[in-house]
Amino acid sequence: MDVLESEKGAGNDFLGWKHLPTTTPEPLIQACEAVRDGWKAKGVDLVVVIGIGGSYLGARCAIEALSHNFAKQLSGKKENPEIVFAGNNLSEEYLAELMDLVAERNVATVVISKSGTTTEPAVAFRIVKEYIEKNYKDASERIVAITDEHKGALKTLSTQEGYRTFIVPDNVGGRYSVLTPVGILPIVLAGFDIRAMLAGAAEMEKALEERSADNVAVKYAAMRNLLYSKYGKKVEILVSYNPKLQYLGEWWKQLYGESEGKEGKGIFPASVNFTTDLHSMGQFIQEGDRVMFETVVNVEKSNRSVIIGSDPQNLDQLNYLAGKHVEHCNAMAQLGTKLAHIDGGVPQLEVSVERINEYNLGGLFQFFEVACGVSAYLLGINPFNQPGVEAYKKNMFALLRKPGYEAQTAALEERLK
C-alpha cells in the first residue's frame, strides 16, 4: 500500500484513477446528462457503445448489474435508450446482426478509443458511422467520441466533423477507466445514478487511505498473494450468486489478468456464477486439481421479493420450503457450497455488499482497483502496463498485410507453409 500511495512504484504515471471518485467535476456529469437529454429529444432509443477491454467492460458491468433482467422483453415505452456494445470482437456475424438492429431503431453511438486505430473498435465504428451518415442529416450530433485530449485519429476526426468529445485522461489506463467518461457517459445514458456511484467510490477511496490492519484492500491483496506464493494457489475464481454480476466477473478478469500476468508470474483470474455453474464447473472446483481459491462477492439483501408457495400434491417435494423467500434458498446454497469447497481444499475469501445498487458498485470498483495495484506491487509487477497484448496484434497486422508489416508478413507466411 505504501508503494501505491507514495506514487513512486513502476507505472506511477498511470495513477490518475486513484482519486477520480473525489475529483470528478460536476460539469463533466452535467455534460454527460446533456448528451442524454439531447438524444432523448431526438427520440434515440438505441445507443451503440463502441470499445474493447476497459473501454467497455466497466460500463457493461454497471449497466448489466443495475438493469432489470428482462428489460428488453417488458412491454411499454422505455424511458431510456437501450445500450448495446460493439467493437469488442471481429465477428462478421455479430456486426451484421447489430446492423439489423440498428436499421430498425433510432440510433446514436459513443465511440471510445484513445488512438482511434485499435482494430476492433475502428472496424465497428467505420460501419456504424457510415450508416448514421447515410441515414441522418444530423449525423455529427449522433456521434460522441471519448478519446485523447490532443492526438490520435479519433481526436482528429472529431475535430473535423464537430463531434462532441470527452477526454480519456492520459494518466488513466483503460482497465482503470470505469469512473472516467469511458464509464460515466454510458451509465448516464442508461439512466442510472452516476453521482451515487461516485459517492460509493469516494467513501471507499477514503476508507482505503487508512494505514492499518483494517484496510480491506490490503487484506485482500495480502491473502491472495499468500495463497499464491506459499500454498501454490495459482487460479482465483470470482464467484457471485446473482446473475446480474456476471459482467463484474468479466471486468475483474481483465483488471487482474492484464495487471498481474507478466514476467512468468500472476494468479489466473476466472469467474463463475452460482448456483448455475455448480451444475457445470462444480465438480472440478470440488474435486479437481487443487490449484484454485475462490473470492465470493456476497450480496446480503435482494432488491426484490419472491416467496415460495405451498402445493397440495407436493409432487416436487418442495413444501418444506413453503413460505420462504427464494433468496433464503440462495443463501443456504451459498453457505453449503462454502463449507463443501473448504472441505474440498478450496480456500475462500469474501467481499460483501449490502445490495446491488449504484453506491455499492462504485465501492466495488474502487476496492478492486486499489487492491489490484497493491497485489501487483506485492508480486513485484508493474500493474499499469500490458506489453504482452501487442504480440497478437503484430501477427494480425502482418497477416492482414497492413502497410509497414511486410517483413513480418513474409516471415509468418514462411512459418505457416
Side-chain angles (χ1 to χ4, degrees), residues 1-18 20 52-58 61 88 171-179 182-183 204 208 215-240 245 247-272 285 289-297 346-351 364-393:
M1 190 69 185
D2 288 338
V3 177
L4 188 66
E5 284 301 307
S6 70
E7 302 192 357
K8 294 180 180 178
N12 56 46
D13 49 344
F14 282 94
L15 290 171
W17 55 271
K18 283 174 48 186
L20 285 171
I52 195 166
S55 295
Y56 92 102
L57 282 169
C61 164
N88 49 56
N171 60 354
V172 178
R175 59 189 176 275
Y176 293 85
S177 67
V178 62
L179 297 180
V182 169
M204 185 62 70
L208 298 184
N215 187 309
V216 290
V218 174
K219 283 183 177 180
Y220 173 54
M223 286 300 300
R224 63 195 304 275
N225 275 272
L226 180 66
L227 288 166
Y228 172 71
S229 61
K230 186 173 181 179
Y231 297 101
K233 302 298 183 181
K234 297 184 177 183
V235 177
E236 180 178 10
I237 306 174
L238 193 77
V239 179
S240 64
L245 295 182
Y247 267 87
L248 177 67
E250 298 302 313
W251 171 83
W252 173 88
K253 283 191 291 188
Q254 190 209 358
L255 178 65
Y256 280 79
E258 206 166 66
S259 295
E260 290 190 329
K262 299 156 198 170
E263 301 176 22
K265 302 177 184 178
I267 302 167
F268 183 83
S271 63
V272 293
I285 295 170
D289 196 352
R290 302 295 76 191
V291 295
M292 66 190 73
F293 66 97
E294 294 174 307
T295 296
V296 178
V297 180
V346 182
Q348 281 206 357
L349 308 178
E350 186 174 294
V351 177
L364 281 174
F365 286 141
Q366 189 72 10
F367 164 76
F368 278 125
E369 287 177 354
V370 172
C372 185
V374 174
S375 185
Y377 281 140
L378 286 172
L379 277 172
I381 294 294
N382 178 352
F384 308 113
N385 67 354
Q386 52 280 340
V389 173
E390 299 305 314
Y392 93 89
K393 293 181 182 178

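Scope of the values below: all heavy atoms of this structure, side chains included, with no hydrogens, waters or symmetry mates. Residues: numbered from 1 along the sequence shown.
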Closest heavy-atom contact between [X] and [Y]?
{"X": "Val235", "Y": "Ile267", "value": "C-CG2, 4.0 Å"}
{"X": "Leu248", "Y": "Leu364", "value": "CD2-CD1, 4.2 Å"}
{"X": "Val296", "Y": "Gln348", "value": "CG2-OE1, 3.7 Å"}
{"X": "Leu20", "Y": "Tyr176", "value": "CD1-O, 4.5 Å"}
{"X": "Val374", "Y": "Ala221", "value": "CG1-CB, 3.7 Å"}
{"X": "Pro383", "Y": "Gly373", "value": "CG-O, 3.9 Å"}

Measuring from atom [atom1] of [X] to atom [atom2] of [Y], what distance do you get when rounded to the nearest 0.5 angstrom?
{"X": "Phe365", "Y": "Cys61", "atom1": "CZ", "atom2": "SG", "result": "4.0 Å"}
{"X": "Leu227", "Y": "Leu349", "atom1": "CG", "atom2": "CG", "result": "6.0 Å"}
{"X": "Arg290", "Y": "Met292", "atom1": "CZ", "atom2": "CE", "result": "5.5 Å"}
{"X": "Leu255", "Y": "Ser259", "atom1": "CG", "atom2": "OG", "result": "5.0 Å"}
{"X": "Glu294", "Y": "Leu238", "atom1": "CD", "atom2": "CG", "result": "10.0 Å"}

Handout entry: Residue pair Lys233, Leu226: steps toward the side chain to side chain contact (heavy atoms under 4.5 Å, CB included) verdict
Key = CA-CA 9 Å; Lys233 302 298 183 181; Leu226 180 66; over 6 Å; no
Practice task
Verify side chain to side chain contact (heavy atoms under 4.5 Å, CB included) between Leu4 and Leu15, making sure each step is shown before the conclusion.
Solution key: CA-CA 8 Å; Leu4 188 66; Leu15 290 171; 3.8 Å; yes
With a 4.5 Å heavy-atom cut-off, do [X] and [Y] have their side chains touching?
{"X": "Phe268", "Y": "Glu236", "value": "no"}
{"X": "Val297", "Y": "Val239", "value": "no"}
{"X": "Asp13", "Y": "Asn171", "value": "no"}

Problem - Any donor-acceptor N/O pair, Asn215 side chain to Ala217 backbone, under 3.5 Å - result: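 Yes; judged by distance alone, with no hydrogens or angles, the pair exists.
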Exercise for the section: Check for a donor-acceptor pair, side chain of Gln366 on one end and backbone N or O of Lys18 on the other, with a separation under 3.5 Å. Expected result: yes
Practice task
Kindly write out the residues that satisfy ring-ring contact (aromatic ring centres under 6.0 Å, His included) with Phe367, not counting sequence neighbours, or none if the list is empty.
Solution key: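 Once residues adjacent in sequence are excluded, the partners of Phe367 under the ring-ring contact (aromatic ring centres under 6.0 Å, His included) criterion are Tyr220.
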Handout entry: Residues, nucleotides or ligands: over 12 heavy atoms within 6.0 Å of Lys253 NZ
Key =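 For Lys253, atom NZ is crowded (more than 12 foreign heavy atoms under 6.0 Å).
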Problem - Evaluation steps, side chain to side chain donor-acceptor pair (under 3.5 Å), between Thr295 and Glu350 - result: CA-CA 5 Å; Thr295 296; Glu350 186 174 294; over 6 Å; no
Handout entry: Sequence neighbours excluded - salt bridge (Lys or Arg N to Asp or Glu O under 4.0 Å) pairs with any residue from residues 254-269
Key = Arg175-Glu258, Arg224-Glu260
Exercise for the section: Determine, stepwise, if the pair Asn88 / Ile52 fulfils side chain to side chain contact (heavy atoms under 4.5 Å, CB included). Expected result: CA-CA 4 Å; Asn88 49 56; Ile52 195 166; 4.2 Å; yes
Exercise for the section: Could I get the full list of side chain to side chain donor-acceptor pair (under 3.5 Å) partners for Asn225, not counting sequence neighbours? Expected result: Ser375
Exercise for the section: Over 60° means perpendicular and under 30° means parallel, so classify the ring planes of Trp17 and Phe384, tilted if in between. Expected result: tilted
Problem - Aromatic contact, Tyr247 with Trp251 (centres under 6.0 Å) - result: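 No, the ring centres sit 6.0 Å or more apart.
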